Number of protein chains: 2
Amino acid sequence: MFDLLYKKITEKITLTEDEFELCKPLFSQRKLRKRQFILQEGDVSRYNIFVGKGLLRSYTIDEKGGEHILQFAFEGWWTADLYSFFTDEPSLFNIEALEDSELLMITRPSWESLLNKLPAIERYFRILIQNSLIATQRRLIGSLSETAEQKYLKFVKAYPESIQRVPQHMIASYLGITRETLSRLRRDIASGKSFP
Amino acid sequence: MFDLLYKKITEKITLTEDEFELCKPLFSQRKLRKRQFILQEGDVSRYNIFVGKGLLRSYTIDEKGGEHILQFAFEGWWTADLYSFFTDEPSLFNIEALEDSELLMITRPSWESLLNKLPAIERYFRILIQNSLIATQRRLIGSLSETAEQKYLKFVKAYPESIQRVPQHMIASYLGITRETLSRLRRDIASGKSFP
DNA sequence: ACGTTAAATGGTCAATTGACCCCAGCCACT
DNA sequence: AGTGGCTGGGGTCAATTGACCATTTAACGT
């Protein structure tokens, strides 16, 4: 699992293996069973979480009980309720395993000590967050301007493995449509009646 | 204008006035008339832009000619097409002045040299981008889960001055609804027929 | 002051989508 | 093997909203 983390970090910054060895003791490891929660709404998000194996989703529940998915975190991805992680305010999000998963987790004090020890890591997280901001902005502007079908096709193209690994009704709630609407638009696509 | 920039930076990090003096020569200044563009879709976003005075909007145009606003940048705010700024790829966004505006602008090479000269600035931008990511995530999950009315009331509460400074039809396109729908829901709110 | 443009309001109509519901197949657990 | 839960598909119906349109009001430029 640390191999994947090292690989992901060195895709973006220069970090020696010796420097990386300094990082390792700051992480705890955790295994999650499918459907197990690592964070629940109302609790504080005490960890920044790296997915070594498996798949997590981060979602809110609205006043009518509907679920709205902010993120699927595949292998190599980070996830947390960032606001809660940095402010110790109660989390808005639940984070749940969609598959048996293995995680690396770092608390905020450890994370800050890491940034002090290795300033290059500050740069790594800035790049990470920056890329996440760009992607989130793109998704937001897409949700304002695209048809549900365009959104679905884009999602499937960006994350082809999600078709096998993520239930359709969760894809629907990531896209902001009901599962019935997604079923209908998949039928239209399959029958050639689509106009994307 | 540099006073406002210094104030904004020192809200987040420690920076001496001597250190700030090192920053100033890296910025160019620009005045914009109302309706003037500082970036057009298809061009490269060569500057990261700080709004000293005035108001900008960042928006895309969809295939039917509809406008979708990603951001209003009030005084003290930064704006750019971040993806384009960092990759030199053509911008997806237009950035236009809603009022006569005064801007501080920094190119990417200057910005990188600034980060090398003053590593604390890397931290400032990470915090800035992090807060922007948190806000964008909140807005995205809101656009999936909230009624248009909830979105409008939240917007007005967060940015009360926008009522005087931003046309209603632009607020509509920031919220992802038509100007007709916004007009109707404002009527319902004013007449007490609303159910937020 | 006047003419033009921009902005806001609001009516009508149709289409899309959510909500509700049912069914069939698959999977996990006992 | 049996049962319950999960997942996906799809029908029906009603409501919300977009699109189109017209009118009024406000702002801007000469």
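Note on naming: letters A, B, ... go to the chains in the order of the sequence lines (proteins, then strands), and numbering restarts at 1 for each one. These figures come from a predicted structure and were not determined experimentally. Scope of the values below: all heavy atoms of this structure, side chains included, with no hydrogens, waters or symmetry mates.
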Heavy-atom side-chain contact between B/F125 and B/L115 under 4.5 Å: yes
Main-chain N/O of B/I127 paired to B/Q130 side chain as donor or acceptor, under 3.5 Å: no
Start and end of chain B contact along DNA chain C [non-hydrogen atoms, under 4.0 Å]: C/dA6 to C/dT12
Centroid separation A/Y47 to A/W78 less than 6.0 Å: no
Residue pair B/N94 / B/E41: nearest heavy atoms and the distance that separates them: OD1-N, 3.0 Å
Sugar-phosphate, base or nothing in reach of A/K34, heavy atoms under 4.0 Å: nothing
Please list every donor-acceptor pair under 3.5 Å in which a side-chain atom of residues 157-169 of chain A meets a protein atom from a residue at least two apart or in another chain.
from   : atom 1 : to     : atom 2 : distance (Å)
A/E161 : OE1    : A/R165 : NH1    : 2.7
A/S162 : OG     : A/Y159 : O      : 2.5
A/R165 : NE     : A/E99  : OE2    : 2.9
A/R165 : NH1    : A/E75  : OE1    : 3.2
A/R165 : NH2    : A/G54  : O      : 3.3
A/R165 : NH2    : A/E75  : OE1    : 3.4
A/R165 : NH2    : A/E75  : OE2    : 3.0
A/R165 : NH2    : A/E99  : OE1    : 2.8
A/Q168 : OE1    : A/R186 : NE     : 3.3
A/Q168 : OE1    : A/R186 : NH1    : 3.0

Base of D/dC21 paired with side chain of B/E180 (donor-acceptor, under 3.5 Å): yes
Spacing of A/H169 atom NE2 relative to D/dG8 atom C1', expressed in whole Å: 9 Å
Sugar-phosphate, base or nothing in reach of B/R186, heavy atoms under 4.0 Å: sugar-phosphate
Sugar-phosphate only, base, or nothing, as touched by A/L182 at under 4.0 Å among non-hydrogen atoms: nothing
Smallest separation among heavy atoms of A/R108 and A/F85, with atom names: CD-O, 3.0 Å
Sugar-phosphate, base or nothing in reach of B/R184, heavy atoms under 4.0 Å: base
